[in-house]
A.B. asks: 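This is the structure I have questions about; it appears just below.
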Amino acid sequence: MKENAVLQNELNSDSAIEDGLAKLNPERITKVIQEVLYKETGPRFKAYVETCMHCGLCADACSYFISNDSNPKFSPAGKVKRTVWEMIKKKGNVSTKFLREAVHISFLECNVCKRCSMYCPFGIDIAYMMLLVRRICHKLEITPLYIQDTVNSHAATSNQMWVKEDEWIDTLQWQEEDAREEFKNLRIPLDKTGADIMYSVIAPEPKFQAGLIYQTAVIMHAAGMNWTMPSNPGWDNSNMAMYTGDNEISGRIAKSFYETAQKLKVNKIVMGECGHAFRSVYDMGNRWAGWAMPPFEVVHALEFYHELLTSKRITIKEKYRKKVTLHDPCNVSRGRGLHDLARIVVDMTCSNFIEMTPNREHNYCCGAGGGVINCGPPYKQERMDNNRNKADQLRATGADVLIAPCHNCHSGLEDIVEHYKLNMEVKFLGDIIYETMEKKIIHPEDKQ
Amino acid sequence: MNYSFIEFIMGPMVWVSFAVFFIGLTGKTLYIILQIKKKESFIFSFLTLKHSTRSIIAWLIPFFPKSTRTNPVFYMVSYLFHIGLFLVPLFLMSHIVLGNESFQISWVSLNDTVADWLTVLVIMALGYFAYRRASVPQVRYLTTFKDYLLLLMVALPFITGFLANHQVLAYKLMIIAHVISGELMLIMIPFTKFSHIITGPLSRAYTGSEFGNVRHAKDW
């Protein structure tokens, strides 16, 4: 790559984008754009473009618009104008300069959180159009470096973080061994065919947050669940290909995930506190793999905690006292309506809860999800600038602890808390449950 | 003005306009449904009557969706505008008289004063939309020349109708301009952004179904 190509551009870019752009020629650009916009889409896309009355009402919905002093370029429809409208107008014959901006808009100026769909009078799915632009970028091989690397990892290893098979198994056994020092007979059952639950996580958990697996094992142990974790590829429920427009790999990831559950003959899949992974296996990945709805019952951690607490499988010893607030992740709130269950769980575990405004389906995006944080360090500073309204929203709560039941939100919010000096502790809901629960010891056999 | 020209726009052209309007919109709807069947049949797997209706009704109730409460002025004007847009042409006494003369049918009519005020309201609403397009940055950014043209196309039949009704200037010319601009608008509806009369509810229905049926969440 030319050394100062990045520096010469006003826009933040990276070597994968620049190398990709350098290899493009006008014929290929036109061909790919026409292929995606006219062959891969249908009447839905056409109706969205034709129906948009240019009313600008979607603007208020978007964190980027609010954080950038209402700059019209950042309104959802403004981003469609800067990408899709131009591509349609020029019939795909656009320049590499235009494409550099299109990559930036679709990957770094939109979290595909779908909040704008709730502010458009016609419910136009603008996130879908941004994903179409990402699809075009994918086919032109100009996807940002860091997120493309996670997709490469998915393709080669079936997990997002290049976790090797022995490392995965070893991590689980290591957590089991550690936990057994505290809890006699605790198990992390591997490949237990016919278990009730297959528990699955995203690859960052074994890679650098193994303590979360430990916590879950303790919760499962206390609740006396009949559960298992898979040892073979397919254990990772994350799916970054879903966000890079690499639909083929996205479908493949979801398929191997369901097949893993099928091999284990489990009744349902329970997954950790991750939003995009839930979107993949509940809403999007399944469609690319050919299922309208997932072939397994997929239960997000929020719903699972709710079930454990309301059925009294786990009990709370003493409620958490610090002042907490709750962030509703787009993929489990707008994506699955779990916000009310989450509040029940928070009420059962915390004594001092304060709502952030707006909340539930209307909550502001964390600013990290939708693949934005996965584009990596080159874009961190601008991500922080674009998250200003989230920081304002959090600051207004005056809470000491911020519960974020989603990995992407969690990481992004930690960055925001640090950058804007919010003096908050970011926690998963599982952290709170682990801290407050009665860690009674039950032998799984007793409960069956 | 040539008498036969007036006869043409008052006769065959009326038929043509209504035919284009009805056939155009029906054709467009059918085309969309057929295209969905051909290319995106998955849409039918998620579409439910319950969630489609739920979403459409929610968005028809004034100030029920959150977006309508954050932009109260725009939505109030927009609601009133659309009400006037439908009521005046359909229930205006002078229009009913035309229907009665041609087909011996008649239907309930609007009080003339009410119709007059609704007409003024529609024209003022269009003025507001134009002003908003020019002055609100995020709207101006999206606005093209065509958007103003659309506003003008809606305004013309209302302005000319109002002027003709009150016979303030050049009655004959006004009524001709009124008929022509009305016909032009009917013809244009299926082929311009006016077709959101069809695609709007369709898009709402699908989003409502995705949100309600798949994601168990509200979309308002």
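Lettering of chains follows the sequences in order, A, B, ..., and the numbering in each one begins at 1. In this text the structure is predicted, and so the values were computed from the model without any measurement.
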A.B. asks: side-chain contact (heavy atoms from CB on, under 4.5 Å) with A/C406: which residues, sequence neighbours excluded?
C.D. replies: A/P329, A/N408, A/C409
A.B. asks: Of all the heavy-atom pairs spanning A/K81 and B/Y141, show the shortest one and how long it is.
C.D. replies: NZ-O, 2.6 Å
A.B. asks: Which of residues 51-59 of chain A get closer than 4.5 angstrom to chain B, counting heavy atoms alone?
C.D. replies: A/T51, A/C52, A/M53, A/H54, A/C55, A/G56, A/L57, A/A59
A.B. asks: I'd like to verify something: which residue of A/P121, A/A292, A/C120 has the highest number of heavy-atom pairs under 4.5 Å with chain B?
C.D. replies: A/P121
A.B. asks: Filter on salt bridge (Lys or Arg N to Asp or Glu O under 4.0 Å), then keep only pairs touching residues 28-45 of chain B, sequence neighbours left out; what's left?
C.D. replies: A/E50-B/K28
A.B. asks: Does the B/S203 side chain pair with the main chain of A/F122, one donor and one acceptor, at a distance under 3.5 Å?
C.D. replies: yes
A.B. asks: Chain B contacts: which residues in residues 336-344 of chain A have a non-hydrogen atom closer than 4.5 Å to it?
C.D. replies: A/R336, A/G337
A.B. asks: Determine whether a donor-acceptor pair (N or O, by modelled atom type, separation under 3.5 Å) exists between the side chain of A/E361 and the backbone of B/K218.
C.D. replies: yes
A.B. asks: Salt bridge check: are B/E210 and A/R287 linked by an N-O gap of less than 4.0 Å?
C.D. replies: yes
A.B. asks: Quick one: which of A/R360, A/E40, A/K114 has the most heavy-atom pairs under 4.5 Å with chain B, could you say?
C.D. replies: A/K114
A.B. asks: Report yes or no: is the cationic atom of B/R215 (NZ for Lys, CZ for Arg) closer than 6.0 Å to the six-membered ring centre of A/Y282, at no more than 45° off its axis?
C.D. replies: no
A.B. asks: For A/R279, is it the side chain, the backbone, both, or neither that has a heavy atom closer than 4.5 Å to a heavy atom of chain B?
C.D. replies: neither
